[in-house]
S.K.: 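Below: one structure in C-alpha cells.
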Amino acid sequence: MRLSRFFLPVLKETPADAQIASHRLMLRAGMVRQEAAGIYAWLPLGFRVLKKIEQIVREEQDRAGAVELLMPTLQSADLWRESGRYDGYGKEMLRIVDRHERDLLYGPTNEEMITEIFRGYCRSYKDLPKLLYHIQWKFRDEIRPRFGVMRGREFLMKDAYSFDLDEQAARTSYNRMFVAYLNTFARMGLKAVPMRADTGPIGGDLSHEFIILAETGESEVFCDAALVDMGAPGPDVDFDGDLQPLVDARTALYAATDEMHEPDRFADVPEERRLSARGIEVGHIFYFGTKYSDPMKAVVTHPDGQDRAVHMGSYGVGVSRLMGAIIEAHHDEAGCVWPEQVAPFGAGVINLKAGDADTDAACQSAYETLSKAGRDPLLDDTDNRPGGKFATMDLIGLPYQLIIGPRGLKEGKAEVKIRRSGGRHELSLEDAIARLAEGAFADG
RNA sequence: CGGGGCGUGGCGCAGCCUGGUAGCGCAUCUGCUUUGGGAGCAGAGGGUCGUUGGUUCGAAUCCAGCCGCCCCGACCA
C-alpha cells in the first residue's frame, strides 16, 4: 500500500478525551474514530489489525475443533423470554421495537440463540459433542463506557458454545477451549494468565478468566509469577488427546482476580513468585450445565432411552478489546509497537525524498520485492519532511522500517530500523531488501 | 444511576468571573526558501461559540431547560 493512497489521519496532538495509552494511540494513529459513547468506526489502519486478531482467533478455534457459523446481531425477545433472561438482563440490553411492534434486542450474547439452533436439529447422544462459535458484533449498553475500545458498548466478540452429554464430557470441551485460548493469546504476543473465576450458582471449578497483566487493567489480580512465563502449548497440541495435564499444570498454580482472591492460599506461594498486579480480561470460559438447555428444552436421548438436557459451556474472547490490550502491552513514548503477527503492515518503507529519481526508483524496487515476498509493506511516498515521516512510522508501529534517502543511496546504502528494539542496521540496499523480505532480523 | 467536569474553525485550547468588533497554537490552501528525526518567511480560507428559551439596548459571556461527551463509583468480553 502506498501511503499517498491510504487513509491515515494521524493526529499530532493527543485528543483530550483519551485517558489511557491504547486509547490515545488508537486515536492518534488514525485507527478508530468515536461515533458515540462506546461506539467506534474502525478506520483502515485499525481495521487491518482487527482483522488480523480476528483471524488468529478463528484459526485457533478451528484448530481446537470448533466449527464457525454466524448468528445475527438482532434477536427476538421471545427467545430471551424462554430462558427468563429478557426481564433479568436489565438496562444493559438494547431493546428495539420493529414496525409491527415486535420486541427485538441487539444481542449482548448468544446463549439463547445457539441453544435454539441446537435443539432444532440435535436429538440424540450421537449428535454430541458439538462445539460451535461465531465472531460477531455485540452490544451492551454499559452505564459508563470508557478506555476506548477496551470497554465499548459495541464490541466484536468471539463466542463459542459447547454441547455435551454430561459434566464429564463438558470438561473435555472446556479443556479444548482452555488450551486454545493459551495458544490464541500467545500468538498475539500476549502473556495471558488463566485465573479462576466465579462460577455463580453453577458451582464447580469450570470457569476461568484469561487475564493479561497491564498497569491500566481494570481488575486487581494475584498470581504465581511462574504462571506468567509458562508459555503456551503451541500448535502441536493434539486436541483429540487428553488435555487435562496441560490444564492441570496451570490451574495448580495460584491465580485469582480480586473477587476470587483467597489471601491464605496466596500466602502459600513462595514470596519471590507472589505477584499482585492489575489485569485486563481478554477471555472468559464457563461451564454452566443445563442453565439454558433446561428451560429451553434442548434435550437429547441418551443410550438408555431417556431424554436429558445437554450440558453446555460458553467461551468468549473480546476481539476488539484485544486490540487495546495488545497496545497496552506493546507501546512506547513514540507510539504503538505491534507484534508482527497483528501488525497492520509488515514493514514500512520510507522514501526520504519523494520526487528524487534515484530514491523513488530504489523505494519502488524495495516496495515491489517486499510485496512479492508477502511482507505487505506500506510505502511512504508522500512529499512530507523526513521528521514527520519518522514520527508517523513510529506512531503506527510497524515492526520494521526501511529508510531510503539520497544520502545513503550515494553509498548504495539503506537503513533498517527495528521498531521494537530501536536498533538500526545500515546495509546495502540489496541486503536490506533481501533480509526484510526474509524477515531475517533477530532483534525484531 | 449518584458525585464531579466539559461543549468556542478539523485537533488542542484561551476568552466567560466583571455582557459591547470571536482569538491563539497545530492542521489546511497559495507563493518563495528549505529537506536524514514533526522547517522558516509572507499571505489566505474556515466558527450562527452544543441546542432551545429567558434576562438585557446588546449574550460565547448571566439564568433555566434539553442534548452530547469525559472523569470517579456500582456493572461488564
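All chains are named by letter (A, B, ...) in the order of the sequence lines, taking the proteins before the strands, and each is independently numbered beginning at 1.
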S.K.: Hey, is A:Phe155 stacking on B:A77? Ring centres under 5.5 Å, planes under 30°.
M.R.: yes
S.K.: Give me the residues of residues 32-42 of chain A where at least one heavy atom lies under 4.0 Å from an atom of RNA chain B, by number, or none.
M.R.: A:Gln34, A:Ala36, A:Ala37
S.K.: Please give the nucleotide sitting opposite B:U28 as a Watson-Crick or G-U wobble pair, both distances under 3.5 Å, or none.
M.R.: B:A44
S.K.: Give a yes or no on whether a donor-acceptor pair under 3.5 Å exists between the nucleobase atoms of B:G37, that is its base, and the side chain of A:Arg424.
M.R.: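 Flag set: donor-acceptor pair detected.
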S.K.: Under 3.5 Å, is there a donor on one side chain and an acceptor on the other for A:Gln401 and A:Asp394?
M.R.: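 Short answer, yes.
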S.K.: Using atom C1' of each nucleotide, how far apart are B:A59 and B:U52 to the nearest Å?
M.R.: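 My reading of the C1' atoms in B:A59 and B:U52 gives 15 Å.
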S.K.: Does A:Lys413 reach a base, just sugar-phosphate, or nothing at all? Heavy atoms under 4.0 Å.
M.R.: nothing
S.K.: Examine the base of B:G37 for any acceptor or donor lying under 3.5 Å from a partner atom in the side chain of A:Asp394, and report the outcome as yes or no.
M.R.: yes
S.K.: Which listed nucleotide (B:U34, B:A27, B:C1) is nearest to the side chain of A:Ile143?
M.R.: B:C1
S.K.: Using the P atom on both, measure B:C1 against B:C66 and round to a whole Å.
M.R.: 12 Å
S.K.: At under 4.0 Å between heavy atoms, what does A:Thr392 touch on the DNA or RNA strands: base, sugar-phosphate, or nothing?
M.R.: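 Result for A:Thr392 = base.
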S.K.: Rounded to whole angstrom, note down the C1' distance from B:G47 over to B:U28.
M.R.: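 To the nearest whole Å, 15 Å.
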S.K.: Hydrogens and angles aside, do A:Asp62 and A:Tyr133 bring a side-chain donor and acceptor to less than 3.5 Å of each other?
M.R.: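 Their side chains do contain a donor-acceptor pair, which is all the 3.5 Å distance test asks for.
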S.K.: Decide whether A:Glu82 and A:Tyr292 meet the rule of one side-chain donor and one side-chain acceptor closer than 3.5 Å.
M.R.: no
S.K.: Can you label the angle between the A:Phe441 ring and the A:Tyr400 ring as parallel, tilted or perpendicular, going by 30° and 60°?
M.R.: tilted
S.K.: Looking at B:G36, I'd like to know if its phosphate oxygens (OP1 or OP2) sit under 4.0 Å from a side-chain N or O belonging to A:Arg407.
M.R.: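 Answer yes for this pair, as a side-chain N or O of A:Arg407 is under 4.0 Å from OP1 or OP2.
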S.K.: Is there a Watson-Crick or G-U wobble partner for B:A14 with both distances under 3.5 Å, and which nucleotide is it?
M.R.: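 Pairing partner, where one exists within any strand: none, as none qualifies.
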S.K.: So, A:Arg278 and A:Glu328, do they make that salt bridge, N to O below 4.0 Å?
M.R.: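 A salt bridge is absent here (no side-chain N lies under 4.0 Å from a carboxylate O).
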S.K.: Any side-chain N or O of A:Arg146 under 4.0 Å from OP1/OP2 of B:C72?
M.R.: yes
S.K.: B:G15 and B:U56: how far apart are their P atoms, nearest whole angstrom?
M.R.: 28 Å
S.K.: B:G5 and B:C41: how far apart are their C1' atoms, nearest whole angstrom?
M.R.: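 Rounded to whole Å, the distance is 41 Å.
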S.K.: P atom, B:G20 versus B:G53: distance in rounded Å?
M.R.: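 Pairwise P distance, B:G20 against B:G53, rounds to 23 Å.
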S.K.: Could you tell me the Watson-Crick or G-U partner of B:U35, where both distances fall under 3.5 Å? Say none if there is no partner.
M.R.: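 For B:U35, the partner nucleotide comes out as none, under the 3.5 Å rule.
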S.K.: On a whole-Å scale, what distance lies between the C1' atoms belonging to B:U21 and B:G58?
M.R.: 13 Å
S.K.: Classify the nucleic acid contact of A:Ile403 as base, sugar-phosphate or nothing, counting any heavy atom under 4.0 Å across all strands shown.
M.R.: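 Touches a base.
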S.K.: Looking at the side chain of A:Lys91, which of B:C71, B:C1, B:G36 is the nearest nucleotide?
M.R.: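 Selected nucleotide: B:C1.
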S.K.: Whom does B:G7 pair with, Watson-Crick or G-U wobble, provided both distances fall under 3.5 Å?
M.R.: B:C67
S.K.: Tell me whether A:Asp103 is salt-bridged to A:Arg95, with the criterion being a basic N under 4.0 Å from an acidic carboxylate O.
M.R.: no
S.K.: Looking at A:Phe239, is A:Arg176 sitting on its ring face, NZ or CZ under 6.0 Å from the six-membered ring centre and within 45 degrees of the normal?
M.R.: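 Judged by the rule (NZ or CZ under 6.0 Å from the ring centre, within 45° of its axis), A:Arg176 is not positioned above A:Phe239.
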S.K.: Check the phosphate of B:G36 against A:Lys389, side-chain N and O only, distance under 4.0 Å to OP1 or OP2. Yes or no?
M.R.: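 For B:G36, OP1/OP2 do not have a side-chain N/O of A:Lys389 under 4.0 Å.
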S.K.: Please tell me whether A:Glu111 and A:Ser314 have a donor and an acceptor in their side chains that are separated by less than 3.5 angstrom.
M.R.: yes
S.K.: In terms of side-chain heavy atoms of A:Pro15, which of B:G37, B:G12, B:C70 is nearest?
M.R.: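 Minimum distance to the A:Pro15 side chain belongs to B:G12.
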S.K.: Compute both the distance and the angle, then confirm whether A:Arg171 meets the cation-pi test with A:Tyr287: under 6.0 Å from the six-membered ring centre, within 45 degrees of the axis.
M.R.: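 A:Arg171 over A:Tyr287 ring: no.
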S.K.: Can you tell me if the side-chain N/O atoms of A:Arg144 get under 4.0 Å from OP1 or OP2 in B:C71?
M.R.: yes
S.K.: Checking all strands, does A:Glu13 fall into the base, sugar-phosphate, or nothing category for heavy-atom contacts under 4.0 angstrom?
M.R.: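 The answer is base, as A:Glu13 lies within the cut-off (heavy atoms under 4.0 Å) of a base atom.
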S.K.: Under 3.5 Å, is there an N or O donor on one side and an acceptor on the other linking the side chain of A:Arg151 and the base of B:C75?
M.R.: yes
S.K.: Which value, in whole Å, describes the distance between the P atoms of nucleotides B:G54 and B:G10?
M.R.: 28 Å
